[in-house]
Amino acid sequence: MRVLVVVGETEPPERLVVRADRVLHTAGPELEPQLLADVRAHIPEDVAVVGAAGRSEAAAAAAELRAHGFPVTLYTDHPPAEPDSPASPGHSRAHGLRIRALTDTGPAMEVADSLLDLVGNTPLVRLDRVGKRLDCHLLAKCEFLNAGGSVKDRPAVAMVDAAERAGLLLPGGTLVEPTSGNTGVGLAIVAARRRYRCVFVMPDKMSAEKIKLLRAYGAEVVVCPTAVAPSDPESYYSVANRLTEEIPGAFQPNQYRNAQNPESHVRSTGPEIWRQTAGRITHFVAGIGTGGTISGVGQYLKAQNPAIQIVGADPEGSVYSGGDGRPYLVEGIGEDFWPETYDRSVVDRVVAVTDRDSFLTARRVTREEGILIGGSGGTAVWAALEIGKELGPDHVVVLILPDSGRGYLSKVYDDEWMSDYGFLSALGQTVGDILGRKAADLPALVHVHLDEKVRDVIATMREFEVSQVPVVRAEPPLRTSSEVAGSVAERELMSRAFSDPAVLDRPVAEVMSPPLPSVGLGEPVDVVVGALDAATAVLVLDAGHPVGILTRSDLLAFLTGR
Ligand SMILES: Cc1ncc(COP(=O)(O)O)c(C=O)c1O
């Protein structure tokens with residue numbers, strides 16, 4: 001047990017406060033009997049004493065406490081003179097007192113006083129692989145690099161700080177919060193550091209890792225059914241409210257109502273993005289859960305430049321994009337009610353994103369950028385890619401990556417789970433599996449030659465019932481993709497022939513389009529899904545050799561198991 005005695009009107013350093021089990025105050029060096037009784041009642045292994053800088057009251061109070069038989073450490077930068085041994089700040093004793101330096105005066109060390117001081121100031125990184133078809137800048141704010149691993153560390157620290165200031169949370173108190181996990185981690189870190197008890201209430205759709213993570217910090221987790229109305233007594237909101245009333249000294253930060261939630265983003269996330277983009281940001285994209293991030297960042301950015309577009313990324317079915325709150329699988333964002341922390345006035349547009357697009361995009365970002373992101377990050381990236389299509393080189397799109405994919409290894413990153421939910425139709429599928437499902441009576445690679453007449457090309461496509469063919473320079477089997485000169489699509493040829501029938505007798509080389517983009521035979525199915533977003537067909541390479549064509553209808557037939 002440690003007791004901290006604060007002498008006079010002074011703000012004691014945070015690092016001393018967090019190490020104390022009890023903080024007591026005295027106006028001056030004369031100690032009231034009640035204060036001495038309080039100190040004694042805690043049977044302290046150490047009594048830390050701190051006072052205003054440059055004043056001697058703290059030393060006198062420390063000597064007084066020592067005289068009453070307590071083990072005392074005086075924190076000061078002006079140690080009292082010691083008759084026999086010169087006081088060396090840091091490790092000296094005077095009058096039976098341990099003396100410790102109050103401020104650190106050696107050469108500066110790069111060290112934070114606690115993990116809580118490391119929240120925020122996350123980096124911005126360019127997503128130039130997934131954004132390679134965009135003309136605009138596509139930049140991601142790496143909130144998964146926060147001290148507790150998510151964007152929620154910011155409001156968690158802010159809400160507890162404010163509650164302590166307002167006297168709503170006292171030493172030894174309990175935090176109760178309905179949270180989908182990330183806010184819980186932020187609160188659990190603050191609670192561990194400042195010795196509060198923590199009870200978290202969450203819906204049963206949350207991943208096992210998230211629940212175990214909170215328990216690892218020493219928090220208690222109560223799991224409630226997802227498929228009930230918020231007003232139902234079984235809902236996680238209702239259960240959290242009941243527990244807040246029942247537990248003495250309980251405080252519910254309530255991230256859905258607490259103004260500190262958006263405010264933390266007005267104070268930190270918004271200014272960071274403005275600074276990091278040198279004020280060049282034109283579009284901000286974020287998932288909407290409580291709405292804290294989008295509202296706070298949106299308010300700050302609009303105050304700097306009202307032309308900045310604030311875009312929400314919302315799971316299809318959630319209210320923000322016009323849904324009725326129907327359940328969806330992506331975690332942490334979307335709602336079935338309108339929280340007070342959401343400021344619709346700053347949001348210019350909300351893009352609805354399906355679970356499939358969120359999850360496959362998250363996997364794509366992980367594999368193409370090497371950034372392991374959660375499902376809601378996939379939602380934001382998908383929405384940013386969508387709006388980015390219309391933008392040019394002067395546009396700077398910043399999106400939020402709220403947390404890491406580590407919390408979803410058994411869901412989004414688990415092929416079995418993904419196929420169970422119909423996001424992938426079989427285990428460990430590759431491009432080769434899709435190609436293998438195509439009609440067995442087709443030649444390996446239906447193709448046409450550079451000098452063939454358009455009329456004959458159309459006939460070949462009809463015969464094999466294909467809508468796209470590569471135009472080749474050599475007879476298959478082709479050695480490399482450089483032997484593919486271009487490609488033609490039946491629909492395009494037909495419309496050209498319709499407007500100018502003479503085209504039918506021209507060589508296809510004169511009307512062909514550039515070669516199709518390619519994918520590897522062993523690549524996972526989501527690579528084709530991504531590629532077919534931009535192209536109508538892709539060329540499949542087996543160790544560099546072109547072996548087949550896949551179209552959107554091939555992919556659809558494969559995914560639906562036909
Ligand atoms: C994974 C994840 N993404 C996004 C958000 C949304 O942030 P906000 O509540 O600030 O709208 C949350 C919030 O819980 C989250 O957990």
Side-chain angles (χ1 to χ4, degrees), residues 120 122 140-144 146 148-159 177-188 200-203 205-207 209-211 213-214 236-237 253-270 284-300 310-315 318-321 328-335 337-344 346-347 350 353 355 358-359 361-362 372-383 399-408 411-412:
T122 54
K141 180 92 170 137
C142 299
E143 288 300 296
F144 58 86
N146 262 309
S150 89
V151 66
K152 290 295 180 171
D153 291 351
R154 300 175 189 260
V157 177
M159 291 189 295
E177 182 74 355
T179 168
S180 57
N182 284 327
T183 306
V185 174
L187 290 171
F200 295 119
V201 191
M202 61 170 67
K205 69 173 179 177
M206 295 306 148
S207 46
E209 293 101 315
K210 279 190 169 178
I211 296 172
L213 181 62
L214 291 172
Y236 74 113
Y237 305 109
N254 199 339
Q255 59 168 336
Y256 290 95
R257 288 219 169 130
N258 197 321
Q260 287 299 320
N261 169 7
E263 193 52 38
S264 67
H265 296 287
V266 174
R267 279 199 307 267
S268 65
T269 325
F284 174 70
V285 183
I288 318 172
T290 64
T293 311
I294 198 161
S295 308
V297 174
Q299 283 165 15
Y300 180 87
I310 307 298
V311 180
D314 194 40
S318 146
V319 294
Y320 300 120
S321 52
Y328 41 82
L329 289 162
V330 67
E331 294 176 33
I333 52 172
E335 289 302 342
F337 71 108
W338 294 87
E340 290 171 32
T341 39
Y342 179 55
D343 177 0
R344 345 167 45 146
V346 297
V347 179
V350 180
V353 185
D355 280 334
S358 294
F359 293 159
T361 305
L372 180 64
I373 67 168
S376 69
T379 316
V381 173
W382 196 91
L399 63 95
I400 293 276
L401 296 177
D403 67 355
S404 155
R406 278 213 171 225
Y408 311 91
K411 288 190 165 181
V412 182

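Whatever order the structure lists ligands and atoms in, that order sets their numbers, starting from 1. Only heavy atoms go into these numbers, but all of them, side chains included; no hydrogens, no water, no symmetry mates.
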Practice task
Compute the ring centroids of Y408 and F359, then answer whether they are less than 6.0 Å apart.
Solution key: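 Y408 vs F359: aromatic centres not under 6.0 Å.
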Problem - Ring centroid separation Y256 to Y342 under 6.0 Å - result: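 Distance test on ring centres: not under 6.0 Å, no.
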With atoms numbered from 1 as shown, which atoms in ligand 1 lie under 4.0 angstrom from a non-hydrogen atom of [X]?
{"X": "G291", "answer": "8 (P), 9 (O), 11 (O)"}
{"X": "G292", "answer": "8 (P), 10 (O), 11 (O)"}
{"X": "N182", "answer": "1 (C), 2 (C), 15 (C), 16 (O)"}
{"X": "S376", "answer": "1 (C), 2 (C), 3 (N), 4 (C)"}
{"X": "P402", "answer": "2 (C), 3 (N), 4 (C)"}
{"X": "I333", "answer": "3 (N), 4 (C), 5 (C), 6 (C)"}
{"X": "I288", "answer": "11 (O)"}

Practice task
Would you kindly say whether D314 and S321 are connected by a side-chain donor-acceptor distance under 3.5 Å?
Solution key: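 There is such a pair (donor and acceptor under 3.5 Å, judged by atom type) between the side chains of D314 and S321.
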Backbone or side-chain N or O of [X] under 3.5 Å from ligand 1 N or O:
{"X": "V151", "value": "no"}
{"X": "D403", "value": "no"}
{"X": "T290", "value": "yes"}
{"X": "T183", "value": "no"}

Practice task
Could you check which of G289, P339, G332, P155 puts a non-hydrogen atom nearest to atom 5 (C) of ligand 1?
Solution key: G332
Handout entry: Side chains of F144 and P402 in contact at under 4.5 Å (non-hydrogen atoms)
Key =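 They are not in contact (no side-chain heavy atoms under 4.5 Å apart), so the answer is no.
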For ligand 1, which part of [X] has a heavy atom less than 4.0 Å away: the side chain, the backbone, both, or neither?
{"X": "Y408", "value": "side chain"}
{"X": "K152", "value": "side chain"}
{"X": "T293", "value": "both"}

Problem - Candidate pair Q299 and H265, rule side-chain contact (heavy atoms from CB on, under 4.5 Å), full reasoning - result: CA-CA 9 Å; Q299 283 165 15; H265 296 287; over 6 Å; no
Practice task
Show your reasoning for whether side-chain contact (heavy atoms from CB on, under 4.5 Å) applies to E340 and N258.
Solution key: CA-CA 8 Å; E340 290 171 32; N258 197 321; over 6 Å; no
Handout entry: Separation between OG1 of T293 and NZ of K141, rounded to the nearest 0.5 Å
Key = 11.5 Å
Handout entry: CZ-OG1 distance between R154 and T183, expressed to the nearest 0.5 angstrom
Key = 13.5 Å
Practice task
Flag the pair E143 and K152 as a salt bridge only when some basic side-chain nitrogen lies within less than 4.0 angstrom of an acidic carboxylate oxygen.
Solution key: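 K152 and E143: not salt-bridged.
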Practice task
Just do the side-chain contact (heavy atoms from CB on, under 4.5 Å) check on S264 and V157 with the steps written out, would you?
Solution key: CA-CA 9 Å; S264 67; V157 177; over 6 Å; no
